[in-house]
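Read through the structure below, which is laid out as structure tokens, and then see the notes.
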Amino acid sequence: MKLIYTDSLVVGAGLAGLRVAIASKERGLDTVVLSLIPAKRSHSAAAQGGMQASLGNTVKGMGDDEDIHFQDTVKGSDWGCDQDVARMFAHCAPKAVRELTNWGVPWTRVTKGPRQVVVNAEKVTIEEAEEAHGLINARDFGGTKKWRTCYTADGTGHSLLYAVDNKAISLDIPVHERVEALSLIHDGKRCHGVVARCMITGELRAYIAKSTTIATGGYGRIYEVSTNAIICEGIGQALALETGVAKLGNMEAVQFHPTAIVPVGILTTEGCRGDGGLLRDKDGHRFMPDYEPEKKELASRDVVSRRMTEHIRKGKGVDSPYGPHLWLDITLLGRKHVETNLREVKEICESFLGIDPAKDWIPVRPTQHYSMGGIRTDKTGQNPQLKGLFSVGEAACWDMHGFNRLGGNSLAETVVGGMIIGKYVADFCQENTLEINTGLAESFVNKVRNEVDELVEGPGTESPFVLRKEMERIMMNYVGIFRNGPELEKAVTELQVLLKRAKNLGLKCKKRHANPELVEALRVKRMLKVALTVACGAAARTESRGAHAREDFPQRNDKDWLNRTLSSWPDENSLTPELSYEELDVMKMELPPGYRGYGINNAIAHPDTDKREKEITEILSELGDNADRYQRQQALMPFEVPEALMARNERLCDNLDRPVSAVPGEESEGEQAL
Ligand SMILES: Cc1cc2nc3c(=O)[nH]c(=O)nc-3n(C[C@H](O)[C@H](O)[C@H](O)COP(=O)(O)OP(=O)(O)OC[C@H]3O[C@@H](n4cnc5c(N)ncnc54)[C@H](O)[C@@H]3O)c2cc1C
């Protein structure tokens with residue numbers, strides 16, 4: 001058995017994993033990162049649109065601050081998020097953007113003077129302040145009140161990942177590539193590392209560590225059509241699930257993005273709509289203002305995706321051999337804008353559709369996109385059930401997204417979460433010793449070895465590829481944008497049949513090294529369990545919240561469902577996860593549940609909401625008019641981040657010699673940059 005020891009083990013070399021690794025290494029800890037692929041090819045590189053942070057540099061972001069970012073995030077989450085975490089996040093996001101600048105991210109900058117924008121499909125001119133010249137720009141994105149999505153044209157994830165990976169390289173952090181973690185080594189209370197398999201040689205290794213951080217990204221590929229890279233298969237979530245102890249949070253919270261191209265599902269960024277692009281139906285009609293007069297194309301993603309699906313159901317979709325779709329029209333932005341700010345979109349349209357988006361409309365439809373659910377953690381990123389197990393990024397349910405994450409908030413979560421959780425991981429490593437139990441490690445390695453032996457030499461006859469296709473179809477058909485009880489029950493039953501069949505997998509290719517069929521077989525068993533947590537969680541949640549829309553229970557029900565679904569798999573022979581619930585405490589919320597400002601306002605109120613609102617009014621009136629916004633916030637819901645990150649964020653408006661209200665364009669809702 002090959003044993004590799006380290007202090008801080010990170011599984012996943014995307015933005016989140018690398019940022020945690022940097023934080024450990026900077027503390028002088030021995031750090032090792034595992035990845036299926038070279039770090040720079042992680043899925044983070046595909047993010048086009050940008051990263052949210054309340055810098056307030058542009059005229060349309062002027063007056064922005066942590067409070068407004070926090071409120072957008074909580075409303076976007078449909079009150080499903082942990083508000084403490086949303087606060088920690090909003091507070092640190094500007095620091096992360098500035099840190100990334102120091103690491104070489106070429107953010108798009110503000111140019112002083114007049115520039116043209118599209119306001120509700122009309123071109124108008126706004127004036128950028130002289131003082132803002134050269135500062136980091138922001139675009140309209142994610143249905144936010146202020147423009148706060150910082151970007152590098154439409155290659156933001158790419159430029160961020162390159163900068164962060166280069167930083168990791170400069171610190172000499174080893175990334176063991178083409179190595180797949182398949183099992184967590186644990187004793188039921190503490191996590192000691194992972195069993196991983198080299199996908200080239202087939203060698204099994206035990207990585208033993210003080211802390212193990214799972215940063216393996218989302219589980220989008222359990223669906224048939226997804227914007228996710230093919231490696232986003234949810235094995236990280238399965239690692240936690242298969243411990244039988246660690247719990248996953250809100251797995252049914254799956255986001256569909258409104259504008260993936262048809263049929264392949266490659267994303268065209270929300271920046272297209274943010275910059276002024278429109279959605280049209282088969283008659284060329286711009287239909288979003290009919291449904292959402294206020295936010296139009298820029299309502300939150302769950303709302304736009306549902307409106308598009310509703311419109312298609314009314315027969316307004318464009319027929320195609322791949323089913324009906326709608327159009328995304330960015331022609332009104334003009335060629336220069338498309339070729340500079342949206343050039344990746346242009347290349348995608350040329351290469352995969354054979355069209356020119358500066359003159360042709362793009363065929364789009366809602367497609368699986370983001371996993372709000374993941375490994376449940378506390379505020380420090382640690383799993384409450386297994387000490388020493390941390391999770392960060394899309395793999396985790398740190399829970400700043402609740403039931404819908406805002407565009408631009410997840411790139412930000414990777415680096416902000418990595419920055420905060422990275423410090424807690426480093427603290428943990430410094431406060432704890434390495435517990436070396438080679439016998440325990442060996443038993444976990446043997447278990448994976450037996451699994452591989454059984455697949456290669458056993459009598460099984462089921463094909464992993466067939467099971468995989470079936471699973472993807474079930475998830476797409478029954479656990480999609482609109483859900484209902486009978487279909488969800490059908491999904492659960494059919495997935496359980498597949499999980500049973502997965503016990504009889506057999507391979508045609510008998511190699512133990514470089515064998516994609518073996519890789520697929522090891523994964524599909526795990527993916528089926530992850531898919532079952534999504535389907536079972538969705539079947540049990542009899543309400544509609546954020547991206548979880550039940551046709552048979554159309555109201556958001558704060559009275560009975562203001563909670564977080566937890567799933568675990570204590571009995572490895574069972575075909576069903578165990579579900580339990582974590583209540584969200586309204587009396588501790590800074591922003592009690594209310595209307596999101598878009599979509600249908602039909603919530604069933606929580607009995608504590610009125611009480612908490614009254615309490616908030618009293619607390620604020622006791623503080624008096626002289627209290628500043630920081631004091632007001634602390635009085636309502638005190639939050640903490642590591643000491644080094646506590647400092648306040650400086651903004652341009654702090655130093656402007658005129659009041660913010662005098663800055664033109666402050667009322668920015670509904671306007672889009674050209
Ligand atoms: C097309 C697209 C565009 C997007 N655009 C935006 C945007 O504009 N703004 C925004 O905020 N968000 C955007 N997102 C979301 C955002 O990009 C992701 O949420 C984020 O990048 C995830 O980063 P991560 O570090 O958590 O995981 P990833 O970048 O997915 O990295 C996961 C890592 O884990 C490794 N790994 C996985 N499983 C294993 C295993 N078993 N063993 C070892 N290693 C493993 C992989 O090799 C990889 O290195 C977009 C998403 C998509 C799909």
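Each ligand, and each atom within it, is numbered from 1 in the order the structure gives.
- A salt bridge between R523 and E180 is present, with a side-chain N of the basic residue lying under 4.0 Å from a carboxylate O of the acidic one.
- Numbered from 1 in the order shown, with element, the atoms of ligand 1 that lie under 4.0 Å from a heavy atom of Y370 read 19 (O).
- Between H369 and R405 there is a side-chain heavy-atom pair separated by less than 4.5 Å.
- For ligand 1, the polar-atom distance check finds an N/O of E394 within less than 3.5 Å of one of the ligand's N/O atoms.
- Atom 36 (N) of ligand 1 has its nearest heavy-atom neighbour, among L36, V10, T414, in L36.
- Between N409 and the options N404, T73, T144, a side chain to side chain donor-acceptor pair (under 3.5 Å) holds for only T73.
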Take Y370 and H401, measure what ring-ring contact (aromatic ring centres under 6.0 Å, His included) needs, and give me the verdict at the end. CA-CA 11 Å; Y370 186 79; H401 303 303; 5.4 Å; yes
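- Nearest to atom 53 (C) of ligand 1 by heavy-atom distance, out of K40, H43, R178, is H43.
- At a heavy-atom distance under 4.0 Å, only side-chain atoms of V11, from C-beta outward, approach ligand 1.
- Remark: distances from the non-hydrogen atoms of E180 to ligand 1 include one below 4.0 Å.
- When only interatomic distances are considered, the shortest N/O to N/O separation between L15 and ligand 1 falls below 3.5 Å.
- For the pair F403 and N250, the tightest heavy-atom approach, listed with the atom from each and the gap, is CE1-ND2, 3.4 Å.
- Within 6.0 Å of the CZ atom in R41, the count of heavy atoms belonging to other residues, nucleotides or ligands does not exceed 12.
- Under the 4.0 angstrom criterion for non-hydrogen atoms, G236 is not in contact with ligand 1.
- Of the protein's non-hydrogen atoms, G12 CA, 3.2 Å is the one closest to atom 34 (O) of ligand 1.
- At a threshold of 4.5 Å between non-hydrogen side-chain atoms, the residues P258 and R273 count as touching.
- Side-chain contact between Y219 and V534: present, with at least one pair of heavy atoms (C-beta onward) separated by less than 4.5 Å.
- In terms of N/O distances under 3.5 Å, ligand 1 is approached by S410.
- Contacts of A229 with ligand 1, taken as heavy-atom pairs under 4.0 Å, are absent altogether.
- With ring centers used as reference points, H186 lies under 6.0 Å from F444.
- Looking at I231, L239, I266, it is I231 that brings a heavy atom closest to atom 46 (C) of ligand 1.
- Nearest heavy atom pair, residue L389 against residue A246, reads CD2-CB, 4.2 Å.
- Distances below 4.0 Å separate heavy atoms of G50 from the following atoms of ligand 1: 7 (C), 8 (O), 9 (N), 10 (C), 11 (O).
- Partners of E472 under the salt bridge (Lys or Arg N to Asp or Glu O under 4.0 Å) rule, at least two apart in sequence or in another chain, are R468, K469.
- For atom 28 (P) of ligand 1, the closest heavy atom belonging to the protein is S44 OG, 3.8 Å.
- With ligand atoms numbered from 1 in the order given, ligand 1 contributes 7 (C), 8 (O) to contacts under 4.0 Å with heavy atoms of G49.
- For N137 and T58, the side-chain atoms include no donor-acceptor pair closer than 3.5 Å.
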Can I get a per-line list of side-chain donor-acceptor pairs under 3.5 Å for residues 343-353, giving both atom names and the distance, sequence neighbours left out?
{"unit_1": "K346", "atom_1": "NZ", "unit_2": "E350", "atom_2": "OE2", "d": "2.6"}
{"unit_1": "S351", "atom_1": "OG", "unit_2": "E347", "atom_2": "O", "d": "2.9"}

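- What sits closest to atom 51 (C) of ligand 1 on the protein, heavy atoms only, is H369 CE1, 3.4 Å.
- Protein heavy atom at the shortest distance from atom 25 (O) of ligand 1 is A16 N, 3.0 Å.
- Protein heavy atom at the shortest distance from atom 11 (O) of ligand 1 is L411 N, 2.7 Å.
- Of all the listed residues (A47, A13, S391), A47 holds the heavy atom that lies closest to atom 17 (O) of ligand 1.
- Counting the atoms of ligand 1 from 1 in the order shown, those under 4.0 Å from a heavy atom of I235 are 41 (N).
- The atoms of ligand 1 that sit less than 4.0 Å from any heavy atom of A181 are 40 (C), 41 (N), 42 (N), 43 (C).
- Residue contacts with ligand 1: S35 is placed with a nitrogen or oxygen under 3.5 Å of a nitrogen or oxygen of the ligand (distance criterion only).
- Taking a cutoff of 4.0 Å between a charged side-chain nitrogen and a carboxylate oxygen, E572 and K447 qualify as a salt bridge.
- A salt bridge between K145 and D72 is absent, with no side-chain N of the basic residue lying under 4.0 Å from a carboxylate O of the acidic one.
- Of the protein's non-hydrogen atoms, the one nearest atom 27 (O) of ligand 1 is G217 CA, 3.5 Å.
- Closest to atom 14 (N) of ligand 1, if we only count protein heavy atoms, is R405 NH2, 3.5 Å.
- In this structure, N409 counts as a contact residue of ligand 1, since one of its heavy atoms falls inside 4.0 Å of the ligand.
- For the pair L326 and L279, the minimum side-chain heavy-atom distance is 4.5 Å or more.
- Neither the backbone nor the side chain of Q368 has any atom closer than 4.0 Å to an atom of ligand 1 (non-hydrogen atoms only).
- Atom numbering of ligand 1 starts at 1 in the shown order; those under 4.0 Å from a heavy atom of Q48 are 5 (N), 8 (O).
- When only non-hydrogen protein atoms are considered, atom 31 (O) of ligand 1 lies nearest to G14 CA, 3.5 Å.
- For ligand 1, the atoms sitting less than 4.0 Å from at least one non-hydrogen atom of S42 are 29 (O), 31 (O), 48 (C), 49 (O), numbered in the order shown with element in parentheses.
- Looking at D302 and Q255, their side chains never bring a donor and an acceptor atom within 3.5 Å of each other.
- Near L267, meaning under 4.0 Å from one of its heavy atoms, ligand 1 places the atoms 1 (C), 2 (C), 3 (C).
- Scanning L18, T216, I214, V179 for the heavy atom closest to atom 37 (C) of ligand 1 points to T216.
- A donor-acceptor contact closer than 3.5 angstrom is absent between the side chains of S567 and T533.
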